[in-house]
Amino acid sequence: MTTDNIKTVCEENVLHTYNRFPLVIEKGEGVRVTDTDGRVYLDMAAGIAVFALGYHYPGFDEALKAQIDKVIHTSNLYYNVPMAEAAAKVVAASGMAKVFFTNSGAEAIEGAVKAARKYAYDRDGTTDHEIIAMKNSFHGRTVGALSVTGNDHYQEPFRPLMGGVRFADFNDFDSVLAQVSDKTCAIIMETVQGEGGIHPADAAFLKKVRQLCDEQDILLILDEIQCGMGRTGRLWAFDHYGIRPDIMTTAKALGCGVPVGAFLLNDKAAAHSLVPGDHGTTYGGNPLAMAAVSAVFDIFRDNDIVAQAAAAGDYLAAGLDKLAAAHSCVLEHRGLGLMRGLALDPGLPVSEVITRARQKGLLVISAGGNVLRLVPPLIITEADADECLAILDECLA
Ligand SMILES: *Cc1c(COP(=O)(O)O)cnc(C)c1O
């Protein structure tokens, strides 16, 4: 099939819920992808913060292939080997007590919400509990995840959604306090808002929310689906803040391209929430996905991937600061580690910058509110960052 054929066949058959960029990605290698016309791009989008290790990191494909040759699915009615390995690694790496594996980020949010409600139900014997979520947040597209996503445009056509959700302003503690009642069972937020435009939590805000949750036995759910797995230069974004969640979610880079997510619970939440019959999944924890998670944690440990991300993040940030200073169309540069956003003047639509960049061999994406988003593989070198910065410099001119 020619490139045009592929696009046409996709548009004729796949439900049109995405306006796709006009390129067909055929393969990837390292931090670069190649399209069906043979053009090579530096990939600073990484499948939306998924390919933390880039494409074909040594050892990763081999681990997947070895598992394919054994068994790729067993169901959760039986134990499997890679689940034991992956679960032990993610639990140890997170300091949480228990993990439940899902197939996606949205499902991890669903599980986290159910666990919080069950915790409060067991404690109080009532079912009228409320969750406080943040405006400008993003937690996924399923009905439960959408219900805690603070975006009217995403929610509107699908109402009524799950009830008992109140929204507060992110980074405004008084606004959170104003939503708290004796019905509040959980507060959910991204440690760094991603889709909303790359907004890190303020340290004082997050600490106060943590303290509030401790005082009132409210569970703090941190969504680390985009900002976790080394993205911010620490394994979890909350590591920057010296606080810990009661429940956390992860996905995107967890399987580095193999669809997998998870929610994790601390001792308190694990001991008093979901029990047999409360929650389940056919595919979640499947051996192929678990082999991916297990390999990702091994590769992260053996190659100091998080330290690499921290160093690359500092380097990229310094370059982006310079770009922001040099171009008046850049209103602000925000981010942590390798999760970076450039807020652009409304006079320069981010889509135009993305198109210009693509024409120059650079893949970047947007986030809410005219923000250019950079979420590259964690293994980018200084030369890769320089290439990206030079192209952006031209595109912003
Ligand atoms: C991507 C994302 C989700 C949803 O993950 P899916 O795998 O697309 O369902 C949830 N929360 C955050 C912060 C995300 O970035």
Side-chain angles (χ1 to χ4, degrees), residues 15 17-18 20 45-52 100-116 131 133-151 154-155 158 161-162 165 167 170-171 186-201 206 220-232 235-238 240 245 247-264 281 283-286 289 292-293 296 334-341 365-369 371 373-376 378:
L15 187 67
T17 60
Y18 279 93
R20 294 172 207 275
I48 317 185
V50 163
F51 279 103
F100 182 101
F101 288 108
T102 65
N103 309 293
S104 67
E107 284 170 273
I109 297 290
E110 298 287 333
V113 165
K114 280 181 71 176
I131 295 176
M134 300 298 139
K135 292 177 191 164
N136 197 47
S137 61
F138 182 82
H139 298 291
R141 303 297 199 141
T142 55
V143 173
L146 187 58
S147 301
V148 292
T149 289
N151 182 320
Y154 288 169
Q155 285 197 346
F158 307 105
L161 295 167
M162 180 183 80
V165 181
F167 286 96
F170 188 54
N171 283 335
I187 298 176
I188 183 168
M189 69 178 81
E190 301 154 83
T191 320
V192 181
Q193 287 191 335
E195 304 300 311
I198 315 294
H199 296 277
L206 198 46
L220 176 60
I221 305 173
L222 290 182
D223 181 347
E224 293 261 338
I225 289 169
Q226 186 163 161
C227 61
M229 291 305 290
R231 168 70 38 208
T232 66
L235 185 60
W236 311 108
F238 60 72
H240 289 278
I247 301 177
M248 63 175 279
T249 56
T250 170
K252 289 198 165 82
L254 180 65
C256 282
V258 174
V260 59
F263 63 97
L264 293 109
T281 164
Y283 267 130
N286 137 317
V293 173
V296 165
R334 299 186 289 261
L336 266 181
L338 282 174
M339 186 168 181
R340 298 269 146 207
I365 52 178
S366 63
V371 174
R373 170 166 43 162
L374 303 176
V375 283
L378 306 186

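Here the structure is a predicted model, which is why all the values come from computation and not from measurement. Numbering of ligands and ligand atoms starts at 1, following listing order.
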Min side-chain heavy-atom separation Phe101-Thr281 under 4.5 Å: no

side-chain contact (heavy atoms from CB on, under 4.5 Å) partners for Ala251, two or more places apart: Ile225

Sub-4.0 Å heavy-atom environment of ligand 1, residues by chain: Ser104, Gly105, Ala106, Phe138, His139, Gly140, Glu190, Asp223, Ile225, Gln226, Lys252

Cys227 versus Thr232, closest heavy-atom pair with distance: O-CG2, 3.5 Å

Heavy-atom pair of closest approach, residues Leu338 and Pro376: O-CD, 3.4 Å

Candidates Glu190, Glu195, Arg231, Gln193 - the one meeting side-chain hydrogen bond (donor to acceptor under 3.5 Å, both in side chains) with Gln226: Glu195

Nearest atoms (heavy-atom pairs only) where Gly255 meets Ala292: O-CB, 3.9 Å

